[in-house]
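Below you'll find the structure, written out as structure tokens, and then a few comments.
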Amino acid sequence: MVTTTLRKIVSPCWKPSVEDHGENSRNRGGDPSGRVDGLWWYKDSGQHVNGEFSMAVVQANNICEDHSQLESGPMSSIESGPHGTFVGIYDGHAGPEASIFIRNRLFQNIKRFTSENQEMSADVIKRAYLATEEEFLSLVKKQWDIKPQIASVGSCCLVGIVCCGLLYIANAGDSRVVLGRIEKPEKEVKVMQLSAEHNANQESVREELHSLHPDDPLIVVLKHKVWRVKGIIQVSRSIGDAYLKKSEFNREPLLPKFRLPEPFKKPILLAEPSILVQKLYPEDQFLIFASDGLWEHLSNQEAVSIVNSCPRNGIARKLVKAALQEAAKKREMRYSDLKKIDRGVRRHFHDDITVTVLFLDSHLISRSSFRGTILSIKGGIPGDANT
């Protein structure tokens, strides 16, 4: 069912497609590394190996905990190796350190293992996730004496890779990617959610946790109508969160709200991602990758309808704006008033939101050789942490 707000967003799509943030619309997307404007970061349009893309981030927390990246070109360290497009969405919690760390290390590990394996594969991606996890936990151990709270920092991690005609989706946490596919003969766009989410509010996730921890009746606890792992965190998989991975980090001087009453013998949260591999078809039009801040306010269908109905330039920003309008509506306030609220206080109305829309050109995907500019874009709002 299409909401009234969605109709308002989709109906004027023949007009200039995004708000004016002080730039002439003809020049948008011209900055190779994207633009920062207040609580926004955006790259309205660009070209990746397999088509076009659009990226946007809006900040709600005091320090933006969402980070992201798009890499286009070689997927390995070997010149003759596979080429493709990599998208990463990293939704941090308890601080930005883990999401920034993943943005700096995960793709490098992907390239390393692809080189060793001589091709892209689900195993390469799994190994890269686990290697990045081990690297971050090593960092926590090194900093424990001077910065113990880093043990409470973690991040969801959603990755998409388009390589050699295949689509690889890997996810740890509750970010999401949906595919828009043209259905013949009606030419309607079908919505397909491709990522498995790891949030304790899903019954299947609670069942998995109970099966992994059969001797712990409090592995998931309902608090204020929300299911949480050990009564603390909603996600069951992440990179980081050392305090729920290794008992040595679950003690003083860690803040009491993160400490468990008894030590544990095996990790409570997992870093291993759920992975999907599927062939890409000419009917596959676009992918929408986003942190859960978007999906709290827009359904899969609403997001796909917006992308399918509007110009490509600035479409990621348009999706974020649609979510913000819904957030304002839920609080019975005008969007124009929500925009005036500064970071920190904003978190009471919505989360940090990160969106990357990847358009798929079947002619480019089917090419046997790589042609194009190597691209590396890091998305996010610079904060107090080292970005």
So CG of L294 and CD1 of I353: to nearest 0.5 Å the spacing works out to 6.0 Å
Open item on the list: A quick test of your reading: do over 12 heavy atoms of other residues, nucleotides or ligands sit less than 6.0 Å from CD of Q118?
Closed with: no
Let me see the working for F286 and E52 under side chain to side chain contact (heavy atoms under 4.5 Å, CB included), right down to the final yes or no.
-> CA-CA 9 Å; F286 54 82; E52 296 177 68; over 6 Å; no
Original post:
Do side-chain atoms of Q47 reach the backbone of G51 as a donor and acceptor pair under 3.5 angstrom?
Top reply: yes
(Q) Using a 3.5 Å distance criterion without hydrogens, assess whether the side chain of H198 forms a donor-acceptor pair with backbone atoms of S238. (A) no
When rounded to the nearest 0.5 Å, the distance separating CD of Q202 from CG of L209 is 11.5 Å
Find out if a path of hydrophobic residues (ILVMFWY) with successive side-chain heavy-atom gaps under 4.5 Å connects V277 to L167. no
Rounding to 0.5 Å, atoms CG (L260) and CG (L254) come to a distance of 9.5 Å
If the threshold is 4.0 Å, N to carboxylate O, is there a salt bridge linking E272 and R237? no
Report task. Please confirm whether the backbone N or O of G240 pairs with a side-chain atom of K245, one donor and one acceptor, at under 3.5 Å? Result -> yes
Would you say the side-chain atoms of H213 pair up with the backbone N or O of S211, donor to acceptor, closer than 3.5 Å? no
Value for CD (Q278) from CG (L280), rounded to nearest 0.5 Å, stands at 7.0 Å
Fill in: Residues E116, K111: salt bridge by 4.0 Å N-O rule
no
Residues I169 and G160: closest non-hydrogen pair is CD1-CA, 3.9 Å
Quick one, I125 with I110, criterion side chain to side chain contact (heavy atoms under 4.5 Å, CB included). Give me CA distance, side-chain angles, the key distance, then yes/no. CA-CA 6 Å; I125 298 169; I110 292 273; 4.0 Å; yes
Say whether, by atom type as modelled, one donor and one acceptor occur between the side chain of Q149 and the main chain of P253 under 3.5 angstrom. yes
field: Side-chain heavy-atom pair D284, R181 within 4.5 angstrom cut-off
entry: yes
Check: I239 main-chain N/O paired with S155 side-chain donor or acceptor under 3.5 Å: no
Discussion item. Please determine whether side-chain hydrogen bond (donor to acceptor under 3.5 Å, both in side chains) holds for the pair T354 and D66, giving the CA-CA distance in whole Å, both sets of side-chain angles, and the decisive distance to 0.1 Å.
Written reply: CA-CA 7 Å; T354 294; D66 274 19; 3.0 Å; yes
Between S45 and N313 the two heavy atoms that sit nearest each other are OG-OD1, 3.3 Å
With a cut-off of 6.0 Å (strictly less than), are more than 12 heavy atoms of other residues, nucleotides or ligands near NZ of K330? yes
For N61, is there any backbone N or O sitting under 3.5 Å from a side-chain donor or acceptor partner on D352? yes
**OP:** Evaluate whether atom CZ of R251 has more than 12 neighbouring non-hydrogen atoms of other residues, nucleotides or ligands under 6.0 angstrom away.
**Re:** yes
With hydrophobic residues grouped by side-chain heavy-atom distances under 4.5 Å, do L375 and V57 end up in a single group?
yes
Closest non-hydrogen atoms of M75 and G84, given as atom of the first, atom of the second and distance, are CE-O, 3.3 Å
Interatomic distance, CG@L106 vs SG@C157, rounded to 0.5 Å, equals 5.0 Å
Notebook entry, point to check: So do Y243 and I232 actually touch side chain to side chain, heavy atoms under 4.5 Å?
Noted result: yes
| query | Does a salt bridge link D337 with K340, judged by any charged N lying under 4.0 Å from a carboxylate O? | reply | yes
**Item:** Same cluster (ILVMFWY, side-chain, under 4.5 Å), F86 and I100
**Value:** no
### pair F136-D241: side-chain heavy atoms closer than 4.5 Å
no
Item to complete: Using modelled atom types only, decide if a donor and an acceptor are shared between the side chain of Q59 and the backbone of N62 within a distance under 3.5 Å.
Response: yes
Report task. Given side chain to side chain contact (heavy atoms under 4.5 Å, CB included), test R176 with D292 step by step and report yes or no. Result -> CA-CA 7 Å; R176 184 186 305 171; D292 70 324; over 6 Å; no
Does F349 belong to the same Ile/Leu/Val/Met/Phe/Trp/Tyr cluster as V226, with side-chain heavy atoms less than 4.5 Å apart forming each link? no
Within the 4.5 Å heavy-atom criterion, are H350 and V58 side-chain neighbours or not? yes
- Item | Heavy-atom side-chain proximity of K126 to L130 below 4.5 angstrom | yes
Correct closest heavy-atom pair for P96 and C64 would be CB-O, 3.6 Å
Between G180 and V189 the two heavy atoms that sit nearest each other are CA-CG1, 3.8 Å
Open item on the list: Do the side chains of D342 and R346 get close enough for a salt bridge, i.e. N-O under 4.0 angstrom?
Closed with: no
Whether the side chain of N171 engages the backbone of S175 through a donor-acceptor N/O pair (distance < 3.5 Å, no angle test) should be reported.
yes
For K187, does the NZ atom have more than 12 heavy-atom neighbours from other residues, nucleotides or ligands under 6.0 Å away?
no
Distance col, row I381:CD1 vs W41:CH2, nearest 0.5 angstrom, shows 9.0 Å
Inset, instruction - Mind telling me whether F249 and W144 have parallel, tilted or perpendicular rings, with 30° and 60° as the class edges? - result: tilted
CD of E183: more than 12 outside heavy atoms within 6.0 angstrom?
-> yes
request  = Kindly indicate whether the side chain of Y129, heavy atoms from C-beta on, has any atom under 4.5 Å from the side chain of L270.
outcome  = no
Checklist entry - Hey, is the main chain of V220 close enough, under 3.5 Å, to the side chain of W227 for a donor-acceptor pair? => result no
For a quick check under 3.5 Å, do H297 and K329 share a side-chain donor-acceptor pair by atom type?
no
Sub-4.5 Å side-chain heavy-atom contact between I268 and K230 | yes
Here the pair of heavy atoms bringing V304 nearest to V178 is CG2-CG2, 3.9 Å
Tell me yes or no: between the side chains of T132 and N109, is some donor less than 3.5 Å from an acceptor?
yes
Q) Hey, are the side chains of E283 and K190 touching, using non-hydrogen atoms and a 4.5 Å cut-off? A) no
Exercise. For the pair K321 and L324, evaluate side chain to side chain contact (heavy atoms under 4.5 Å, CB included) and give the outcome as yes or no after the intermediate values.
Key: CA-CA 5 Å; K321 180 184 175 184; L324 296 181; 5.5 Å; no
Consider only side-chain heavy atoms of I, L, V, M, F, W and Y, link residues closer than 4.5 Å, and tell whether Y90 and V153 are in one cluster.
no
